[in-house]
Trainee: 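Dropping the structure in here first, questions after.
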Protein chains: 2
Amino acid sequence: MYMEKTYLSIEELSTVLKLLGDRTRLDIMRYVSVDECCVCELVELLNLSQPSISQHLRKLKDARLVNEKRKGNWVFYSKNMNHPASEIINGILGHLPDGKKEIEELSNQNMRIICD
Amino acid sequence: MYMEKTYLSIEELSTVLKLLGDRTRLDIMRYVSVDECCVCELVELLNLSQPSISQHLRKLKDARLVNEKRKGNWVFYSKNMNHPASEIINGILGHLPDGKKEIEELSNQNMRIICD
DNA sequence: TTATAATATAAGCATATGATTATATGAGGT
DNA sequence: ACCTCATATAATCATATGCTTATATTATAA
């Protein structure tokens, strides 16, 4: 599949890279690119406090790296596939082990949140 | 040309991304990937103090993103092509306008440092 | 050896960052 | 309406970051 190379401003890109340059946020992006995740799942996966996760998600959301969708009590986050830096982000994530295993682990422990 | 995809640890990669997530360092990488640059050239190009540039270069050198080579009074920095994250770094830089124009500007002002 | 030029390091400081605890908000169920 | 659960926000704090100024290195030149 042919991909048009997107050019970004240096400012835009360094902003994205700074966000991904945090271990926790990079992990979040790994997970939400496997499947949409709600906050409590990410809390489990990352072993951090809920407010900490929420604050990271806020930054990712503000930069439009993730989408937010409420389902009842839960708020699910997913990777925004239409971000101007999507190509680069996918390139980066493609060089990392994906988060499938950990998410399956969650499933096995019956800790995944399934809505409708 | 076929490229073997390199996998990195999440920790390693987030460290690299954090370094590139700074506007100044991203610019430095853009420039040294065009051609090796000495400190005073980067000071000119980036319009920052010499110590500031040196400190950024120190971080990039410590992470082995750049190589250092002394030529007389000058110290030249170049992109390390053999970094484990080279592929990703090139991918990132490939989405940015390169620094050729600015470096040519320097040449035109006779401010490039030419050794041997 | 002394002086000079380029770079590196140290010290100081203001701001940014990421975590924690406490509290607020918002949707669902009773 | 009230309670509960999931999430968001506020307040606080310790540490990290990036810049500046001042000083130390290191190599060349006189």
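Atoms considered below: every heavy atom in the structure, side chains included; atoms not considered: hydrogens, waters and symmetry mates. Throughout, a chain's letter reflects where its sequence line sits, starting with A, and its residues are numbered from 1.
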Trainee: For C:dA19, take OP1 and OP2 only and decide whether either is under 4.0 Å from a side-chain N or O of A:S49.
Mentor: no
Trainee: In whole angstrom, give the distance that lies between atom CD of A:Q50 and atom C1' of C:dT21.
Mentor: 12 Å
Trainee: Which residues pass the side chain to side chain donor-acceptor pair (under 3.5 Å) test with B:N90, not counting sequence neighbours?
Mentor: B:K79
Trainee: Output the rest of the hydrophobic cluster of B:I114: all Ile, Leu, Val, Met, Phe, Trp and Tyr residues reachable through side-chain heavy-atom contacts under 4.5 Å, sorted by chain and number.
Mentor: none
Trainee: The criterion is side chain to side chain contact (heavy atoms under 4.5 Å, CB included); which residues satisfy it with A:K71, sequence neighbours excluded?
Mentor: A:E36, A:K69, A:F76, A:C115, A:D116
Trainee: Under a 4.0 Å heavy-atom cut-off, which of residues 22-47 of chain A touch DNA chain C?
Mentor: A:D22, A:T24, A:R25
Trainee: Which residues in residues 66-81 of chain B have at least one heavy atom lying under 4.0 Å from any atom of DNA chain C?
Mentor: B:E68, B:N73, B:W74, B:V75, B:Y77
Trainee: What distance do B:L45 atom CG and B:E102 atom CD have between them, rounded to the nearest 0.5 Å?
Mentor: 7.0 Å
Trainee: Under the side chain to side chain contact (heavy atoms under 4.5 Å, CB included) test, which residues partner A:R70, sequence neighbours left out?
Mentor: A:V75
Trainee: What is the separation between atom CD1 on B:I113 and atom P on C:dA6, rounded to the nearest whole Å?
Mentor: 7 Å
Trainee: Please check: side-chain N/O of B:H95 versus main-chain N/O of A:E87, any donor-acceptor pairing under 3.5 Å?
Mentor: no
Trainee: Rounded to whole Å, please give me the gap between NE2 in B:H56 and C1' in C:dA8.
Mentor: 15 Å
Trainee: First contact, last contact: which nucleotides of DNA chain D are these for chain B, 5' to 3', heavy-atom distance under 4.0 Å?
Mentor: D:dT17 to D:dT28
Trainee: How does the hydrophobic cluster around A:M81 look, that is, which other residues are in it when side-chain heavy atoms under 4.5 Å mark a link?
Mentor: none
Trainee: Mark yes or no for whether B:E41, through its side chain, and B:I113, through its backbone, hold a donor-acceptor pair below 3.5 Å.
Mentor: yes
Trainee: Taking side chain to side chain donor-acceptor pair (under 3.5 Å) as the definition, give me every residue that meets it alongside A:D27, ordered by chain and number, with sequence neighbours left out.
Mentor: A:R23, A:R30
Trainee: For B:N47, look at atom CG and say whether over 12 heavy atoms of other residues, nucleotides or ligands are found less than 6.0 Å away.
Mentor: no
Trainee: What residues from residues 57-65 of chain B pass a heavy-atom cutoff of under 4.0 Å to DNA chain D?
Mentor: B:K59
Trainee: The criterion is side chain to side chain contact (heavy atoms under 4.5 Å, CB included); which residues satisfy it with A:P84, sequence neighbours excluded?
Mentor: A:L8
Trainee: Which part of the nucleic acid does B:L48 contact within heavy-atom distance under 4.0 Å: base, sugar-phosphate only, or nothing?
Mentor: sugar-phosphate
Trainee: Check side chain to side chain contact (heavy atoms under 4.5 Å, CB included) between B:D22 and all other residues, then give those that pass, not counting sequence neighbours.
Mentor: B:T24, B:R25, B:H56
Trainee: Given the rule that I, L, V, M, F, W and Y join up when any side-chain heavy atoms are under 4.5 Å apart, are A:W74 and A:M111 in one cluster?
Mentor: no
